Amino acid sequence: MDGRRAHDARRYSHEAMHTVFEVYALHPDERYAAQAADAAFALTQRLERDLSRFIANSDISRINRLEAGEATRVGPDTLECLVIARHMFEVTGGAFDISIGTGLSSLDLDEDAFVVRATQPGVRLDLGGIGKGYAVDLMADVLEEWGLHAALVHGGFSSVLALDGPEDGGGWPLTLSDPAAPARVLARLSACQTSLGASGLVKGDHIVDPRTGEPVRGRRAAWVAAPRPATRGQAAADGAPRLAVTAVTDALTTACMVMSVDEIAALCARSPGLEAWVLEDHGQDGPGEAGLRHFGGIDSDGPVALQTGDA
Amino acid sequence: MAGEDGKDKAAPAAAEGQRKLDRRDVLMGLSTVPALGLFGYAWRKQNQVKQAAAQAAVAPREAAAAGDVKEVNVALLGAGAQGQVLTEAMQRIPGLRFRAVCDIWTEYNQRRVVNTLKRYGHEVNGYVDYREMLDKEPAIEAVIIATPDFWHAEHAIACLKAGKHVYCEKEMSNTLEGARNMVLAARETGKLLQIGHQRRSNPRYIHCHDKLLREANLLGRIVTVNGQWNRAVAADLGAPERYAIPQATLTQFGFKDMHQFRNWRWYKGLGGGPIVDLGSHQLDIYSWFLGSNPTHVTASGGLLYHDPATHEWYDTVMVIFDYMTPAGPAKAYYQTQTTNGSQGYFETFMGDQGTLLISESELNNPGSIYRDPNAPAWDAWIQKGYISAPVVPEEKEEGASGAIADVRESAAPDRHKVPITLTDPYHQPHLQNFFDAVRGKATLNCPAEVGYESAVAVLKVNEAIEANARLAFRPEDFRVGGTA
């Protein structure tokens, strides 16, 4: 083994879903790795066609036009993504809601016939909080199918999935930074077989709590990490449900922007392996004053070590 | 390789300010109450699958709500990217029963499509050789062909002669002889042969042709047409090493190696070059909208960028067609290149009273129509719903100056939208038209004869590039005479 390190990884980029997807891979055959990355990127294109609410003939657009009692057939991936989204709605007590309060529970998902039926009119889905993560999970399956195991995939840096790490025994080096002051690194992580999601506000943005319809205050960013289940991607081909960990962390980051500290702590407590960070925002205080809170994780020996300032 | 014991190393790492997240030993996110765990949806589904398996043999599930339509038994021949797109689109058409999938890439595409169809409730068999499929599956009534172009003629003709109706992807064939024999086989057998120029069934294109051009004549006399399909540089397609097709199979089916199998479009004798891959759809629309076939073609193409070792065809082509339309002469430009995707694909029809900009995409240039300032008003057509009210360019804040004009950056001309949206997947209406015809409820929107006319125009471009000359068409070139 030549002990290839994380910084030797080749990077491949592709624009889709209004962001840039990237694959970092360590593989001796550069051309082969590029072809594998292209095969993974092709998926983002297809998923965007099915999941985008901006494309008039996407599955999601068709759902968004359903009247009460109407139904439409969708692709298996769309349906799976909706099933995960509905589950995350339940897990977060409605804090993650792809219908943004327009009535997710009024959609019947027929998982056998791949049919979505509306029992009420006016449901408007937006998969912006889960689609990228779902795409990253599917991309990882493709990369592994191609034999690229030492890789990291991300969609717009907010939906990250680290597969096997480099051969020097370390993981993929990642940082969590303050969105209001990107030079301020809050934590340094080294990740393998782990999904990380981020959600944050840049100046002027706002995020609405779907449970109340009110804009959220006091949060600047949230991150969620979860271990990747060891199923190795073959499941979907056989029709078994995919353990789409990045879709899950993607959804949970959005939820962690609106959930109370107690709710986040409770969620982490009942979900072993789940880890969350919340960067609080106290308004008038300078960025340096924003405090990072940490929840969950498998280590019970205190909070994550932090580096603050311009380290 | 990173160990599974990362958490034990977390303490020293943390001391350096770095945390290790490497924890496959952690349970799969399932908590003590699985349904509430992060992957509870999968846990629930697995339980459902177990229950369903227990009841499976009792009552086989219906694939689609067939309603009162006659069920049609279907086979897919060619399960690559395009075959998969068509398969997905067909899931939304009621009354189809998939019986078989044929593809030589058994470990990848065939397996994928068979599994997808099984998820949709179809009991399908997989085949490598189409002849075996036709022998063993007598119930098949219609075959969807999405194999590489050089196989189309043989596949379509064999299916027609076996008594099947055929939907064949464009290009009809990579040779005129192949296309001609397909027309003859359709005539001889009396079976349907629809060619996959799916814009012919797209409601927006039909609206533009029938209402805006023919009925309302909104463009006046169309004198010029412009269009393109530009694509950014893309690497050659590869394949996962472990799923390589055995060399004997590749050779048997006309491929030199796995690279050629995956990138057949770039090889002469297999594909028809970029004008066929990309231009064909749009040049078909040129002739349809202009109401005539071209009289001459001039073309320049070259391999300007890609590696000639793996790209036998040109990668860039610019074409000018001459037409003698019922309204008078017209010229049409078309380009396709594969090094820069700027502006993607569209067609622009320019008349003396207006301009129509259209594309198949529901996202980019789905349909805009611009009125020439001197053309008669379009109010009546707006009221009839043929076009939208003008999309008024954003006004700057109105001043109280009393001036008749605010001198400023030039204003855009009136733009109207074509108010027709395709809400189904792109290929669904054309497939629907095919199956409606199979059931005797419609006529084909792109029967073999129409596909042939398009093939004649498009394949001539390759001749013109080769000859580096302006070539003429005779009207009879577009017709297939006689019988087989």
Side-chain angles (χ1 to χ4, degrees), chain A residues 32 34-36 38-39 54-57 61-62 65 73 75-76 83-84 87 91 111-112 114 145-147 162 164-165 167 169-171 187-194 196 225-230 237-243 245 248 270-274 298-299 301 304-307 311, chain B residues 1-3 6-7 10-11 13-24 26-29 31-33 36-42 45-46 48-49 52 61 64-65 88 91-92 111-112 115-116 118-121 234-242 362-363 366 421-426:
Chain A
Y32 182 76
Q35 290 174 336
D38 278 346
F54 300 108
I55 298 177
N57 59 345
S61 291
R62 270 202 312 285
R65 275 192 297 268
R73 200 165 218 204
V83 166
I84 298 169
H87 181 66
V91 164
E111 295 182 51
D112 295 319
F114 301 94
E145 192 164 38
W146 282 65
D164 284 347
E167 288 170 1
R188 292 180 181 279
L189 310 170
S190 171
C192 288
Q193 296 297 346
T194 296
L196 270 136
R228 182 172 184 235
D238 310 325
R242 182 183 275 113
L243 303 182
V245 67
V248 166
R270 69 170 188 266
S271 310
L274 186 69
I298 51 167
D299 304 316
D301 49 354
V304 62
L306 300 182
Q307 283 192 340
Chain B
M1 199 57 61
K7 70 173 180 178
E16 299 158 24
Q18 192 171 75
R19 266 291 297 291
K20 278 198 120 171
L21 301 177
D22 176 13
R23 303 162 304 183
R24 308 208 77 191
V26 175
L27 55 148
M28 300 171 33
S31 74
T32 46
V33 185
L36 283 178
L38 297 181
F39 302 101
Y41 65 92
K45 175 78 183 172
Q46 256 156 0
Q48 287 166 1
V49 169
R61 179 157 42 90
E88 281 295 322
Q91 300 313 318
R92 296 168 171 90
R111 185 182 58 137
R112 175 166 302 197
N115 282 332
T116 300
K118 284 184 174 165
R119 290 176 77 182
Y120 279 115
D236 292 355
L237 297 172
E241 278 161 351
R242 66 169 122 156
E362 287 301 326
L363 196 58
T421 299
L422 175 64
T423 56
D424 297 319
Y426 291 113

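Lettering of chains follows the sequences in order, A, B, ..., and the numbering in each one begins at 1. The shown structure was predicted, so the numbers you read here are calculated from the model rather than taken from an experiment.
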Straight-line distance of B:Glu241 CD to A:Tyr32 OH, nearest 0.5 Å: 4.0 Å
Pairwise distance CZ(B:Phe39) to CZ(A:Arg242) - rounded to 0.5 angstrom: 12.5 Å
Backbone of B:Thr423 reached by a side-chain donor or acceptor of A:Arg62 within 3.5 Å: yes
Side-chain (A:Gln35) to main-chain (B:Asp236) donor-acceptor, under 3.5 angstrom: yes
Quick check: closest heavy atoms across [X] and [Y], and the distance to 0.1 Å?
X	Y	value
B:Leu363	A:Phe54	CD1-O, 3.5 Å
A:Trp146	B:Pro240	NE1-CG, 3.4 Å
A:Gly75	B:Glu88	CA-OE1, 3.7 Å
B:Leu38	A:Ser271	CD2-OG, 3.9 Å
B:Gly37	A:His87	O-NE2, 2.6 Å
B:Tyr41	A:Leu243	OH-CA, 3.6 Å

Flag side-chain contact, heavy atom, 4.5 Å: A:Arg73 against B:Tyr120: yes
Contact origin within A:Ala56 toward chain B - heavy atom pairs under 4.5 Å: both
